[in-house]
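Counting starts at 1 for both ligands and their atoms, in listed order.
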Amino acid sequence: MELTKAEEAMLHGEKGGAKQKAMEILVALGKIYGARRMVRISSAQISGVSYKTIGDAGLEYLKHMAALGGRVEVPSFLNPAGMDTEQWEEMGFPPDFAKKQIEILDAYSTMGIKTTCTCTPYLAGIRPAADEHIAWSESSAVSFANSVLGARTNREGGPSALCAALCGVTPLYGLHLKENRVAKMVVRVEAKLEERSDYGLLGLLVGKKSIEDGKRGEKIPAFRLAGLKPGEDELKYLGAAMAASGSVPLYFVEGITPEWNVEPDAPEVMVTQGEMDALKEKLNEADSADLITLGCPHASLAELEEIAQKLEKRPVEKELWVCVSRAVLQVARENGIAKRIEENGGRLVADTCMVVAPLERMGHKCTAVDSGKAATYLPTMCAQKLVFGKLEEILWK
Ligand code: F3S
C-alpha cells in the first residue's frame, strides 16, 4: 500500500505503541482487501462496548491500548454499552457486571473517545454528509450512514473502527469506492407498510433474500416502493433489520435515498403480504411479555412524541424501556416528552439497549418488541421469547 509520511511514522512507532499497532492492523486489512491507499475519515463509531459482548478479554485489550498511550485523531463515539450508566442500580443491573462495564468505558474515555453510547450517532451530533468517509461499526448505523445520508463506510468490526479512530484513516476499499455502491437486486413490495414494525419485517425478509446465494452483505438491494415515502425512522428500522438478517450495509430507495445506482441486469424480487404475515406470526411466540422494549435502533424525538401520546391515552402497566441516546434524552427532558412517558409508566433508558443489556440475568424471560433487529437477536443473545407487533399491539400485552 502507498502510505503517506504521517502514516509511515505511525507504522514505525514514531507516534507511540497504540498507533503503531492500530496502523499495522489497518495496513493488514488494506492488503487483504486490495486497497491502494488509506483515506482520511471524519468520524468513527466503535462497537464492542458492552461487557456482555466483549468480556474480560476485550476489557484487557482496551486497557492495553489505553496504557500504550492511544488517543483518537477524529471525533469518535461508542456503540451502546451494557447498562444505563445513571440508572443501573435502580434498574437492577448486576453490580459485578456494572463494575466491569465502567472499566470498559473508562478505558475508551482515556483514549479520548466520547462515551456517548448509541447506535444512532446521527441523532446525537455526528451526522456525516454525502460522500464523507467515516469508519462506523454498528450495523444499523452503518446502513443508515451509507444509505440515508450517502456517507461512505464499510461495516467495520469494533477493533478496526478503533484502529481507524486512533489513526484518523481507514483503508480505501469496498463501500468507500463509488464503483462498489451498486445494487444487485431490485425489490418490489406488494404489502402494507404502515408502521415501523412493517419496515422491520420487510427488512428481515429482504436481508434473507439477499443471502440466498450464501454471500452475506454483497447483494445491495434497491427498493421501488411505488409512491410510499418512508421517513428516517422507517428507514432506520428497515436498514437495521436487513443488517441483522443479511448483513446488508447499503440499500437504495427510489426517489428517497441520495444514491440510486442499479446494475442493468439486476434480478427483481417480490415481497408479498403473505410473507410479511407469516413472518410476524412466526416471531410471536407468546401472548404476553414481562418486558416491553422500544427504541431499536435508539428512538428519535418523533418516536418519543408518538409513544408519549399513546401512553397519555392509556398508561402502560408492564415494565417498558424506551431506549435512546443520551443526547436525545436530554432534549426530551427539556421539552417535557420524557416526563409524559415516565408519568404514564415508561422508562427512558440511555447508553444501552435491550440486546446488549444482560436481560437474561435480570430475570426477564419474554420481551415485546416492534423492531426486526431486536427480534433477531433477543432469542439468541438474551434467551428471550418474543412478542412482536406494531406499537399499539405490544404496549399493553
Ligand atoms: Fe441499536 Fe441495540 Fe438495536 S445497538 S440497533 S438498539 S440491537
> Strictly under 4.0 Å, does any heavy atom of Cys323 approach an atom of ligand 1?
no
> Knowing that exactly one of Glu342, Glu90, Glu319 qualifies, which makes a salt bridge (Lys or Arg N to Asp or Glu O under 4.0 Å) with Arg347?
Glu90
> Any idea which protein heavy atom is nearest atom 1 (Fe) of ligand 1, and the distance to it?
Cys119 SG, 2.3 Å
> Considering only non-hydrogen protein atoms, determine which one is nearest to atom 6 (S) of ligand 1 and report residue, atom name and distance to 0.1 Å.
Cys353 CB, 3.4 Å
> Using the benzene-type ring in the case of Trp, are the ring centres of Phe144 and Tyr122 under 6.0 Å apart?
yes
> With salt bridge (Lys or Arg N to Asp or Glu O under 4.0 Å) as the test, pick out the partner of Glu392 among Lys310, Arg314, Arg196.
Lys310
> Which residue owns the protein heavy atom closest to atom 3 (Fe) of ligand 1, what's the atom, and how far is it?
Cys296 SG, 2.3 Å
> Atom CE of Met1 and atom OH of Tyr33: how far apart are they, to the nearest 0.5 Å?
13.0 Å
> Give the numbers and elements of all ligand 1 atoms closer than 4.0 Å to a heavy atom of Val355.
7 (S)
> At less than 4.0 angstrom from any non-hydrogen atom of Gly295, what atoms of ligand 1 do you find?
6 (S)
> List ligand 1 atoms under 4.0 Å from Pro80, heavy atoms only on the residue side.
4 (S)
> Between Lys280 and Glu393, does any NZ, NE, NH1 or NH2 come within less than 4.0 Å of an OD or OE carboxylate oxygen?
yes
> Check each atom of ligand 1 against the heavy atoms of Ser140 and keep those under 4.0 Å away; list them by number with element.
5 (S)
> Does the side chain to side chain donor-acceptor pair (under 3.5 Å) test come out yes or no for Ser325 and Thr118, once each step is laid out?
CA-CA 5 Å; Ser325 65; Thr118 182; 4.5 Å; no
